[in-house]
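Taking it in order: structure first as structure tokens, then the write-up.
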Protein chains: 2
Amino acid sequence: MPRPGRGQGMGRGGGFRDPQQGMLGGRLRGHGHRLTGPRRVILSVLESARDYLSAEEVYMAVYADNPGVGIATVYRTLQMLAEIGIAERVDTGDGKARYKLGPVEDQRRRVVLVCTNCSRSTPITTGTDDTEAVIAQLERMTAEQHGFRTNRTVVQLYGLCEQCEKQYGG
Amino acid sequence: MPRPGRGQGMGRGGGFRDPQQGMLGGRLRGHGHRLTGPRRVILSVLESARDYLSAEEVYMAVYADNPGVGIATVYRTLQMLAEIGIAERVDTGDGKARYKLGPVEDQRRRVVLVCTNCSRSTPITTGTDDTEAVIAQLERMTAEQHGFRTNRTVVQLYGLCEQCEKQYGG
DNA sequence: GTAGATGCAAACTTTTTGCTGGCCC
DNA sequence: GGGCCAGCAAAAAGTTTGCATCTAC
């Protein structure tokens, strides 16, 4: 995967007017971290993302407007955000970790659709779904039958996505 | 992670008397693959494993008796075994894929309990369970809501196993 | 002012791939 | 004997780390 070359430095501490950034900045400082320029940009990218983003995707989006930010900073920031619970880290099995803003407790249960043809993995947002109830039932059953206390559940559905299904003429 | 240095070559096609190997060899040939020496050893390692093994763990076990087998062969074999359904691949989120022998067609739906304390992963045999019905429902729902045709489902429950639960005094 | 963050480059880890020679069927 | 498969080594791909500089607080 190609990476853009090095930029010529960004204007550090660019002005953001996003009210949420103040909130997030507070949470960062509460954990002894600082709200720096690069971090503002990364947070901004995550905020405007609907799906989970890989580190590279975040880096690309950041790079578009701020070529000076290094990929190491992206990795370090994502790691930090996940550590203090501002972002959720997810491993979809393709070797890339993916991140998404959001309280971890709301994403305790996760369903991922993995297409065995095109390799695309699509996280499904549970929580508003009935899937939530189904998974809860599964957790209850394993607790009863195996004495296992589940904290987090990941369901991977392997199969064909809508596009590839058509292509195969299923 | 240190890796053992290169060995001085193995006796290819070592004699095995494991009756299961004949069966597995047949399944390999049925898919147009061959049962070679290194593959016998790798299969033997997987057979005697109770848990999921990472590629490196398989390589280490293979290396103990057959230092001549390269790690590339381990990767290629594991990949092939997973492809034809003789082994199951699982991504536990630590960046390493793990493999375990097991007929996928008999276990199209799999539930694995992963203890976040002791790191042990325990496969649960579905099929006679109610879990089967619950997962089937999940698959039905994603088909309806996302047009996704599921062929195989892996559920990973992360939490505390019975032993660690006691230890923590939950 | 100082602890922490940054950019850069290089190291590290896991997995894949190209190549030449060798072995299974 | 032919095509799959082996070992080796190097590359790929993702992530982490060391270091000098810089900056948010």
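Note on naming: letters A, B, ... go to the chains in the order of the sequence lines (proteins, then strands), and numbering restarts at 1 for each one.
Formation of a donor-acceptor pair under 3.5 Å by the A:R89 side chain with backbone atoms of A:A97 is not found in this model. Judged by distance alone, the side chain of A:T77 and the main-chain N or O of A:V74 form no donor-acceptor pair under 3.5 Å.
Residues A:L157 and B:E139 come closest through the heavy atom pair CD2-CG, 4.0 Å. Of all heavy-atom pairs spanning A:Y158 and B:V154, the tightest one is CE1-CG2, 3.9 Å.
Atoms OH (B:Y59) and P (C:dT13) sit 15 Å apart, rounded to a whole Å. For B:N66 and D:dA6, the CG to C1' distance is 13 Å, given to the nearest whole Å. When rounded to the nearest whole Å, the span between NZ of A:K96 and C1' of D:dA13 equals 9 Å.
A side-chain contact (heavy atoms from CB on, under 4.5 Å) with A:R27 is found for one member of A:L81, A:I84, A:L35, A:I86 and no other, namely A:I86.
You'll find that the side chain of A:P38 is closest to C:dG7, out of C:dG7, C:dA5, C:dC25. With C:dC25, C:dT15, D:dG7 as the candidates, the nucleotide lying closest to the side chain of B:L35 is C:dC25.
Taking side-chain N and O atoms only, B:S54 has no distance below 4.0 Å to OP1 or OP2 of C:dT14. Using a 4.0 Å cut-off, no side-chain N or O of A:H33 falls inside it from OP1 or OP2 of C:dG4.
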Please tabulate, one pair per line, each protein N/O and nucleotide N/O from nucleotides 16-19 of chain C that are separated by under 3.5 Å, including the distance.
from: C:dT16; atom 1: OP1; to: B:Q79; atom 2: OE1; distance (Å): 3.4
from: C:dT16; atom 1: OP2; to: B:Q79; atom 2: OE1; distance (Å): 3.1
from: C:dG18; atom 1: O6; to: B:R76; atom 2: NH1; distance (Å): 3.4
from: C:dG18; atom 1: O6; to: B:R76; atom 2: NH2; distance (Å): 3.4

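Between the CG atom of A:L43 and the CG atom of A:L24 there is a distance of 5.5 Å, given to the nearest 0.5 Å.
If you check distances only, the side chain of B:R34 does reach the base of D:dC4 with a donor-acceptor pair under 3.5 Å.
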